[in-house]
Amino acid sequence: MYRNRKRQTIQIFRWIIGCGLIFFIIKLFLVTDENQPIPKFENLKKLMIEAENENIKRLLTVRYTCQKYNLGIYRQLGKLSAFKHPPAPQFSVFYIVRSRDLSYCPIYKAGSTTWIYNMCLLMNVTEEELNSGKEQISTIARRRIPELEFPEADEALKATKKLLVVRHPFERLLSAYRDKLENSVAGREHGTLHFYRKYGSKIVEKYRESNFTKPRPDQTVRRKDEPPPAGIEPTFREFVQYLIHTDLANYGDDHWMPYYLFCAPCIVDYDIIAKVETLWRDQIYTIHKLQLQEVIKPRWQHSAGYSNASKIYFNQLNRGMIEKLYEKFKLDFELFDYTPDLYYQYATTT
């Protein structure tokens, strides 16, 4: 009996130690709804230093590229510029929250839902309202954060910290195509039928060849539990042909307008440049850098996706098309230190 009690005592003691260890781990890492740990103490300090150094590098790359091509506030009179560049920012696209010292330019398909959600939280919009599904988050945001025009917007931008979030240009274009143009049946509540009528039907009419054949099954991805496309939508190849042969100024839609035209990084002196590829770290850095951790936390809205989609869809293109697409978005690639090299490997030989 004594031995049994001793054994039970040891088991209880081990259980207590185990619980204490688990409690310590929970305290060390604050776990968010996304089940991603927010580092604490020395780990957080290390992250902030790493992200700060990377952010400085990104800002310098933007400055160097703007100077290289003689653009925006870096332009020297009398010298030619290789790219047409807007003379002023599109002030109306910014979300400016002066009370929180933050302005944000939303690059759509590059974490914009996440940060528009965050901007709403900074304006004391409840998560219940944001998650209710009654209105799109962007609609709620514009009601609480109205557009500002010059000169008020210009003064507000200069007085606040400015955030820009970017993504590999090819990944962003593919995401825009899949979300807005690939299927006019699914997602109509998010405007897919509108996009087909405004862009898709015209792309098909202009770029569909007489000997058209549908992409092979291994060149597309079908989402589960969604109705199939109607068969009238443009293929990714046709969408890329449209991008290649259309003047940048006539793209007309924010989802595929180049970054440098939409958010004007050669004019607006951004303080933080985050990337989707490092968004978790960059969100933690931004939130703590701006001392907003009591109001917002790192999150990733609309993060579900097919991890190998680019390899599949870019197989619809030949190398020449990818090279031409790169030339169209070359300035975005250089401004934010991206490369097209991997995508050339995905191309077909024809």
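Positions are given from 1, in the same order as the sequence printed here.
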Would the distance check show the side chain of [X] and the main-chain N or O of [Y] forming a donor-acceptor pair, the cut-off being under 3.5 Å?
X      : Y      : result
Tyr344 : Asn318 : no
Lys162 : Leu157 : yes
Lys328 : Thr246 : yes
Glu238 : Thr235 : yes
Glu233 : Ser184 : yes
Arg237 : Asn315 : no
Tyr260 : Pro86  : no
Lys180 : Phe195 : no
Tyr343 : Phe314 : no

Beyond-backbone contact of [X] with [Y], side-chain heavy atoms, under 4.5 angstrom:
X      : Y      : value
Tyr104 : Ile116 : yes
Phe236 : Thr220 : no
Glu149 : Ser92  : yes
Ile145 : Met123 : yes
Phe329 : Pro340 : no
Phe262 : Val93  : yes
Lys158 : Asp154 : yes
Tyr108 : Asp179 : no

Pairwise distance [atom1]([X]) to [atom2]([Y]) - rounded to 0.5 angstrom:
X      : Y      : atom1 : atom2 : result
Arg143 : Glu135 : CZ    : CD    : 4.0 Å
Leu243 : Met321 : CG    : CE    : 9.5 Å
His245 : Ile203 : NE2   : CD1   : 13.0 Å
Phe170 : Ser175 : CZ    : OG    : 15.0 Å
Glu147 : Ile96  : CD    : CD1   : 10.0 Å
Tyr242 : Lys202 : OH    : NZ    : 10.0 Å

Hey, is [atom1] on [X] packed in by over 12 heavy atoms from elsewhere, all under 6.0 Å?
X      : atom1 : value
Arg197 : CZ    : no
Tyr64  : OH    : no
Asn211 : CG    : yes

Option from Thr65, Leu331, Leu335, Asn70 for which side chain to side chain contact (heavy atoms under 4.5 Å, CB included) with Cys266 holds:
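When Thr65, Leu331, Leu335, Asn70 are each tested with Cys266, the side chain to side chain contact (heavy atoms under 4.5 Å, CB included) holds only for Leu335.
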Kindly determine whether Thr126 and Leu130 satisfy side chain to side chain contact (heavy atoms under 4.5 Å, CB included), including the steps that lead there.
CA-CA 6 Å; Thr126 65; Leu130 292 171; over 6 Å; no
Can you find a side-chain donor-acceptor pair between [X] and [Y] that sits under 3.5 Å?
X      : Y      : result
Asp341 : Tyr326 : no
Tyr313 : Glu182 : yes
Tyr117 : Glu127 : yes
Arg178 : Asn183 : no
Glu171 : Ser310 : yes
Ser103 : Thr160 : yes

Can you list the steps and then say if Arg281 with Glu54 is a salt bridge (Lys or Arg N to Asp or Glu O under 4.0 Å)?
CA-CA 11 Å; Arg281 183 203 68 184; Glu54 181 62 30; 5.3 Å; no
Would Glu323 and Arg319 satisfy salt bridge (Lys or Arg N to Asp or Glu O under 4.0 Å), going step by step from the backbone distance to the final call?
CA-CA 6 Å; Glu323 288 175 344; Arg319 183 183 175 99; 2.8 Å; yes
Trace of the ring-ring contact (aromatic ring centres under 6.0 Å, His included) decision for Phe333 with His168
CA-CA 8 Å; Phe333 275 85; His168 191 290; 5.2 Å; yes
Residue pair Ala110 / Arg167: nearest heavy atoms and the distance that separates them:
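Looking at all heavy atoms of both residues, the closest pair is CB-CB, 3.8 Å.
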Salt bridge between Arg63 and Glu334, side-chain N to carboxylate O under 4.0 Å?
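Between Glu334 and Arg63 there is no salt bridge, as every charged N stays at least 4.0 Å from the carboxylate O atoms.
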Under 3.5 Å donor-acceptor pairs involving side-chain atoms of residues 284-294, not counting sequence neighbours:
from   : atom 1 : to     : atom 2 : distance (Å)
Tyr285 : OH     : Glu52  : OE1    : 2.4
Thr286 : OG1    : Asp282 : O      : 2.7
His288 : ND1    : Ile284 : O      : 3.0
Lys289 : NZ     : Glu52  : OE1    : 3.1

For Ile232, what are the other residues in its hydrophobic cluster, where any two members join if their side-chain heavy atoms are less than 4.5 angstrom apart?
Tyr196
Could you work out, with side chain to side chain donor-acceptor pair (under 3.5 Å) as the rule, every residue matching Asp269, not counting sequence neighbours?
none
Is the Phe239-Trp256 ring centre distance short of 6.0 angstrom?
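Centroid distance Phe239-Trp256: below 6.0 Å, so yes.
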Using the ring of each side chain (for Trp, its six-membered ring), is Tyr259 parallel, tilted or perpendicular to Phe336, with breaks at 30° and 60°?
perpendicular
